[in-house]
Number of protein chains: 2
Amino acid sequence: MTDDALRLHAGRYAYNVYEDKCPTRQVLERLADKWALLILDRLETGPQRFNGLKREIKQITQKVLTQTLRKLERDGLVTRTVYATKPVTVEYALTALGATLTETVAALAHWAEQNMDAVAAAQAAYDAQEARQAELQKRVHRL
Amino acid sequence: MTDDALRLHAGRYAYNVYEDKCPTRQVLERLADKWALLILDRLETGPQRFNGLKREIKQITQKVLTQTLRKLERDGLVTRTVYATKPVTVEYALTALGATLTETVAALAHWAEQNMDAVAAAQAAYDAQEARQAELQKRVHRL
DNA sequence: CGGCATCCATCCTGATACTG
DNA sequence: CAGTATCAGGATGGATGCCG
């Protein structure tokens, strides 16, 4: 068995995100970002201009939007096209590679919307339980 | 049209992650985390002990693992069960709610493994292009 | 084993000002 | 319009030591 075959057998792929030295870690790190996910999700419906994205993704700053777009561009997930209008127009769009991600990204980004009520209930229960424990601690301390 | 109906019509759901004040943002923020994704993915195959997770998710520290597990527990995605062995055994497992996420999480976590080569190629092309631009800048500067 | 508490470095973010 | 540059400070992460 070759080395590659071994790794393919053991880890399903030649790469393994569970390994810290694996380059996939850096890629996952970039995808596992609130803003990157929202941008990719927003581009699913078609190309968008810089300020269009900034307007729709509430609370993102110009700096962070630029940074995130650059990273996505470097990883080959989005393209950046400059039109020589006056003033310039810049359009961002998904690449074919980026498009392979959108379904997954959309699922994750919108899971929160669909399950918000359940999450909120869980949080309330957790916090109530924590408060009860804290109360117990105080009583024990008094003894 | 009621307020809710309006929002359902405009945003597909009553919640909208694109809004900064929406509670779904915080949930997405917690999911959009490298470690949270790896933990959820790891739990898909069944309950895991604390140190088991720590061992398999390479490079995660005890502190971060604890923090992340607490957040996931608070959001109702994982359960924490303590067994009164000596010393104690703590087992983490997915809740039903958490289980609804694993397919999506797995897709995202492993997308990197499957597309690493394409991403690496894109990065190389991007970096080469950048280097060329920098070279041009130096020449312009000399004039 | 499965944590918590503390300290410290640093990375990231927000705010602001300027440009082609 | 679509950025770049800079700087202060707040959150975050690692290292370490202790505990039931």
Side-chain angles (χ1 to χ4, degrees), chain A residues 20-21 25-26 28-39 42-43 47-74 78-93 126 130 133-134 136-137 140-141, chain B residues 20-21 25-26 28-39 42-43 47-74 78-93 126 130 133-134 136-137 140-141:
Chain A
D20 53 334
K21 302 144 316 220
R25 266 289 177 85
Q26 277 92 58
L28 178 63
E29 218 153 326
R30 244 159 282 141
L31 293 179
D33 174 72
K34 183 180 50 170
W35 302 120
L37 292 178
L38 287 174
I39 291 171
R42 196 63 202 66
L43 290 178
Q48 301 287 331
R49 308 242 317 252
F50 184 87
N51 278 335
L53 289 170
K54 182 160 172 0
R55 230 176 299 115
E56 298 192 40
I57 302 174
K58 300 294 167 58
Q59 213 237 343
I60 194 170
T61 63
Q62 172 272 326
K63 179 177 160 186
V64 171
L65 180 56
T66 301
Q67 286 176 348
T68 310
L69 283 169
R70 290 290 177 280
K71 289 176 192 169
L72 293 175
E73 190 191 355
R74 178 167 184 268
V78 310
T79 58
R80 177 176 181 273
T81 313
V82 182
Y83 297 100
T85 52
K86 177 180 90 84
V88 290
T89 301
V90 181
E91 203 172 72
Y92 291 93
Y126 184 93
E130 237 194 5
Q133 306 262 334
L136 265 175
Q137 273 307 311
V140 168
H141 195 267
Chain B
D20 54 334
K21 302 144 316 221
R25 266 288 177 86
Q26 277 91 60
L28 178 62
E29 219 154 324
R30 244 158 282 142
L31 293 179
D33 173 72
K34 184 180 47 168
W35 302 120
L37 292 178
L38 287 175
I39 290 171
R42 197 62 202 66
L43 290 178
Q48 301 286 331
R49 308 247 311 259
F50 185 86
N51 279 333
L53 289 169
K54 183 161 173 357
R55 231 175 297 116
E56 298 192 40
I57 302 174
K58 300 293 167 61
Q59 214 236 342
I60 195 171
T61 63
Q62 172 270 325
K63 180 177 163 185
V64 171
L65 179 55
T66 302
Q67 284 177 348
T68 310
L69 283 169
R70 289 290 176 282
K71 289 176 190 169
L72 293 175
E73 189 191 355
R74 179 168 184 267
V78 309
T79 58
R80 176 176 182 273
T81 313
V82 181
Y83 297 99
T85 52
K86 177 181 90 85
V88 291
T89 301
V90 182
E91 204 173 72
Y92 291 92
Y126 184 93
E130 237 194 5
Q133 306 261 336
L136 265 174
Q137 272 306 311
V140 168
H141 195 267

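Proteins get letters first, then strands, A, B, ... in listed order; numbering begins at 1 in each. Remember, it's a predicted structure, so these values are computed and weren't measured experimentally.
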- Where each residue is assigned the nucleotide of DNA chain C containing its nearest heavy atom, which of A/Lys71 and A/Val88 is assigned the position nearer the 5′ end?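 That would be A/Lys71.
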Proximal nucleotide (of [options]) relative to the [X] side chain:
X	options	value
A/Arg70	D/dT4, D/dG20, D/dC1	D/dT4
A/Thr66	D/dT4, C/dC1, D/dG14	D/dT4
B/Val90	C/dT13, D/dG3, C/dG3	C/dG3
A/Val64	D/dA2, C/dG14, C/dG2	C/dG14
B/Lys63	C/dT6, D/dA2, D/dT6	C/dT6
B/Arg80	D/dC1, C/dG14, C/dG2	C/dG2
B/Gln59	D/dG14, C/dC1, D/dC7	D/dG14

Can you see which heavy atom on [X] is nearest to which on [Y], and at what distance?
X	Y	result
B/Phe50	B/Leu65	O-CD2, 3.6 Å
B/Leu53	B/Arg42	CD2-CG, 3.8 Å
B/Val82	B/Val90	CG2-CG2, 4.3 Å
A/Ala32	B/Lys34	CB-N, 3.4 Å
B/Lys54	B/Ile60	NZ-O, 3.9 Å

How close or far is atom [atom2] of [N] from atom [atom1] of [X], stated in whole angstroms?
X	N	atom1	atom2	value
A/Asp20	D/dG13	CG	P	16 Å
B/Gln67	D/dA11	CD	P	14 Å
A/Leu69	D/dC1	CG	P	16 Å
A/Glu29	D/dT12	CD	C1'	13 Å
A/Lys54	C/dA15	NZ	P	11 Å
A/Ile57	C/dT13	CD1	P	14 Å
B/Leu65	C/dG3	CG	P	8 Å
A/Phe50	C/dT19	CZ	C1'	14 Å

- Reckon B/Tyr92 touches a base, only the sugar-phosphate, or nothing at all at heavy-atom distances under 4.0 Å? sugar-phosphate
- Message: Under 4.0 Å from OP1 or OP2 of C/dC1: is there any side-chain N or O of B/Arg49 that close?
- Response: no
- Task: Could you tell me whether the phosphate oxygens of C/dC1, OP1 or OP2, come under 4.0 Å of any side-chain nitrogen or oxygen in B/Thr89?
- Result: no
- Message: Let's test your reading of the model: under 3.5 Å, does the base of D/dC1 pair with the side chain of A/Gln62 as donor and acceptor?
- Response: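 Donor-acceptor pair under 3.5 Å: no.
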